[in-house]
Amino acid sequence: MNVTGAPSGPVREATRTDRLLAALGGLVAAYVSLAVADLVASRVRPEASPVLAVGSAVVDRTPAALKDWAIRAFGENDKAVLQLGILLFLALFAVGTGLLALRHRVLGAAAVGAFGLLGALAAVTRPDSDSAADAVPSLVGAAVGGILLYVLVGRLLASGSGLGFGPGPARADRRRFLVVAASSGLAATGAAALGRAVGSPAEENATASRAALRLPRPASPAPPVPAGARPAVAGISPFTTPNRDFYRVDTALVVPKVNADRWRLRLHGAGVREELTLTLRDLMARRTVERDITLACVSNEVGGPYVGNARWLGAPLADLLREAGVRPPSEGGPADQLVARSVDGMTIGTPVEEVMDGRDALLAFGMNGEPLPFEHGFPVRMVVPGLYGYVSACKWIESIELTTFDAYDAYWVPRGWSAEAPVKTQSRIDTPRPFGRPSAGTVMVAGVAWAQHRGVRRVEVRVDDGPWRDARLAAEATRDTWRQWTYPWEATPGRHTLTVRATDGTGATQPERRTDIMPDGAQGWHSVVVTVEEGG
């Protein structure tokens with residue numbers, strides 16, 4: 001045997017069976033490696049799993065245009081698709097290492113170790129990593145996988161089999177190979193199941209802290225929703241979006257689960273008189289405000305689903321800033337940007353002026369009458385009406401720094417997005433659905449329109465190339481919420497195009513021309529095509 005682990009002596013060409021078994025050995029070794037790494041990560045930190053660590057690194061380095069395409073193509077499943085892509089790449093890599101090990105056992109095992117080092121490096125260099133222990137899952141998994149691959153290929157090379165001497169693989173050695181591979185796979189499956197069943201102590205504590213949290217009664221309750229704000233039309237989006245249906249767009253491959261008892265918020269930077277550190281109890285003990293506010297994602301295409309309305313409970317952010325000595329630029333303050341940092345390392349830059357101009361900018365800890373769900377930022381997130389989420393709605397927030405736009409670019413800015421992004425006026429047809437087939441007669445066309453912090457003054461509907469007709473606007477709750485609308489259409493048989501446009505509270509009407517979501521949000525009229533059938 002030479003230093004690389006290849007057999008010495010007369011060598012024959014590998015058979016197809018040799019290569020298939022070696023490739024299988026590589027896949028089994030990779031599977032076992034990941035299962036062991038995930039089991040270790042469940043005890044260290046779930047985010048330290050190699051697939052999640054490498055996936056997060058890929059997300060951070062993915063061009064913005066490709067991210068936008070993934071969101072359009074896969075919606076909220078984009079993260080699952082990314083992880084599947086990583087696993088497919090790993091499977092190909094595993095097949096390659098198995099074939100390499102057939103020629104050079106040591107080099108094949110070393111290749112598994114190299115991939116483990118990549119996972120370890122990705123884990124410890126993540127913005128949310130604060131310990132070298134994050135490298136342990138990848139390193140342990142790679143060590144187990146490398147040793148297993150070495151052993152499996154050794155079964156093929158034993159007694160003159162594989163690429164060694166003699167007439168070819170002995171059936172007994174193949175059986176031993178398959179027994180070792182199958183038992184290793186079963187053991188790894190058991191380890192993965194154990195990791196899921198036991199869970200992470202940190203996650204369990206976070207879940208318990210949320211279950212034990214009791215929200216304070218708001219000092220300033222939300223005004224009652226007007227009776228006419230919820231038209232009874234089948235298919236229209238509800239005025240209040242249930243938590244389970246509220247859109248989620250972020251870069252976190254695994255939802256951070258933060259222990260509310262250990263959470264801290266640091267406030268510091270330019271213009272802060274004295275640095276502050278608040279606990280969740282400190283925040284909830286302050287004056288609390290409850291408001292209905294519509295949030296929208298800048299990745300929302302015209303007519304898209306990434307918008308929702310909820311009742312938020314939290315502490316006014318402007319009050320906290322003023323108590324810390326912060327003044328907006330209009331009052332001579334040195335900072336024009338507030339940089340919020342999440343526990344997963346995300347940075348979001350928000351204009352200080354807008355946060356302090358009197359709007360209901362909140363450090364929210366309640367959503368629709370319950371503590372924030374983990375996927376929506378528990379224990380605390382920012383909510384700023386009138387701004388797209390990528391410049392205002394930091395989830396899992398742990399730090400607020402006062403700085404300037406010239407001094408610092410938040411996460412999305414170097415990736416081609418605008419530093420400041422007020423929400424654009426938008427309207428959407430919810431019903432009838434695209435390519436629907438309603439019957440002739442009165443068809444209720446309905447949907448929602450939003451122009452947060454400006455309000456919606458008017459919504460118009462057009463059938464084909466006909467004149468614009470005013471839709472019936474539901475009662476306005478506040479100018480920070482979307483507004484539902486309806487239009488009774490006397491539909492005639494045939495194919496028709498329905499188009500909607502809205503006018504905001506300033507009198508500005510949506511422009512017709514559609515633009516891309518980059519760099520600061522899409523705009524344009526939403527249309528649906530339907531085929532009206534003869535009435536029964």
Side-chain angles (χ1 to χ4, degrees), residues 1-9 11-15 17-41 44 48-55 57-58 86-125 132-165 169 173-174 176-178 180-185 187-188 191-192:
M1 183 82 61
N2 61 28
V3 294
T4 64
S8 57
V11 177
R12 65 170 176 79
E13 287 298 319
T15 67
T17 301
D18 295 331
R19 290 190 289 270
L20 286 175
L21 290 176
L24 175 62
L27 289 171
V28 170
Y31 175 67
V32 171
S33 176
L34 290 180
V36 170
D38 283 347
L39 176 61
V40 176
V44 175
S49 165
V51 172
L52 295 178
V54 172
V58 170
I86 292 172
L87 291 174
L88 289 175
F89 171 80
L90 180 57
L92 294 174
F93 179 82
V95 168
T97 58
L99 295 174
L100 174 63
L102 191 59
R103 291 282 185 179
H104 306 286
R105 287 172 71 192
V106 173
L107 288 182
V112 178
F115 196 84
L117 288 174
L118 176 63
L121 180 64
V124 298
T125 55
D134 283 353
V136 172
S138 293
L139 295 178
V140 172
V144 172
I147 292 171
L148 178 60
L149 181 61
Y150 188 88
V151 171
L152 286 173
V153 175
R155 294 296 88 207
L156 291 179
L157 299 176
S159 303
S161 65
L163 298 184
F165 328 106
D173 294 317
R174 286 182 179 174
R176 282 194 290 269
F177 170 90
L178 293 173
V180 173
S183 58
S184 299

(request) List for me each residue that meets ring pair (Phe, Tyr, Trp, His ring centres under 6.0 Å) alongside Phe93, sequence neighbours excluded, and say none if there are none. (result)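 By the ring pair (Phe, Tyr, Trp, His ring centres under 6.0 Å) rule, Phe93 matches Phe115.
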Heavy atoms only: give me the nearest [X]-[Y] pair and the separation to one decimal.
| X | Y | value |
| --- | --- | --- |
| Arg105 | Val153 | CG-CG1, 3.7 Å |
| Leu34 | Pro50 | CD2-CG, 4.0 Å |
| Ala41 | Ala48 | CB-C, 4.3 Å |
| Ser49 | Asp38 | OG-OD1, 2.6 Å |
| Gly26 | Thr97 | CA-OG1, 4.3 Å |
| Ala35 | Ala188 | CB-O, 3.4 Å |

(request) Hey, could you give me the CG/CZ distance between Leu178 and Arg155, rounded to the nearest 0.5 Å? (result)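 Reported to 0.5 Å precision, the distance equals 12.0 Å.
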(request) Output the distance between atom CG (Leu149) and atom CG (Leu102), rounded to the nearest 0.5 Å. (result)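 These two atoms lie 10.0 Å from each other.
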(request) Sequence neighbours left out, what pairs pass salt bridge (Lys or Arg N to Asp or Glu O under 4.0 Å) with at least one residue falling in residues 24-35? (result)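 Sorted pair list comes back empty.
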(request) With side-chain contact (heavy atoms from CB on, under 4.5 Å) as the test, would you mind laying out the steps for Val180 and Leu148 before giving the verdict? (result) CA-CA 9 Å; Val180 173; Leu148 178 60; 4.1 Å; yes
(request) Say whether, by atom type as modelled, one donor and one acceptor occur between the side chain of Ser138 and the main chain of Ala135 under 3.5 angstrom. (result)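 No, Ser138 side chain to Ala135 backbone: no donor-acceptor pair under 3.5 Å.
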(request) Walk me through it: do Phe177 and Leu24 pass the test side-chain contact (heavy atoms from CB on, under 4.5 Å)? (result) CA-CA 10 Å; Phe177 170 90; Leu24 175 62; 4.1 Å; yes
(request) Pick out which of Leu27, Leu100, Leu90 makes a side-chain contact (heavy atoms from CB on, under 4.5 Å) with Val95. (result)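 Among the candidates, only Leu27 passes.
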Would you list the atom pairs, donor with acceptor, under 3.5 Å between side chains in residues 116-125 and any protein atom, with sequence neighbours excluded?
{"from": "Thr125", "atom 1": "OG1", "to": "Leu121", "atom 2": "O", "distance (Å)": "2.6"}
{"from": "Thr125", "atom 1": "OG1", "to": "Ala122", "atom 2": "O", "distance (Å)": "3.4"}

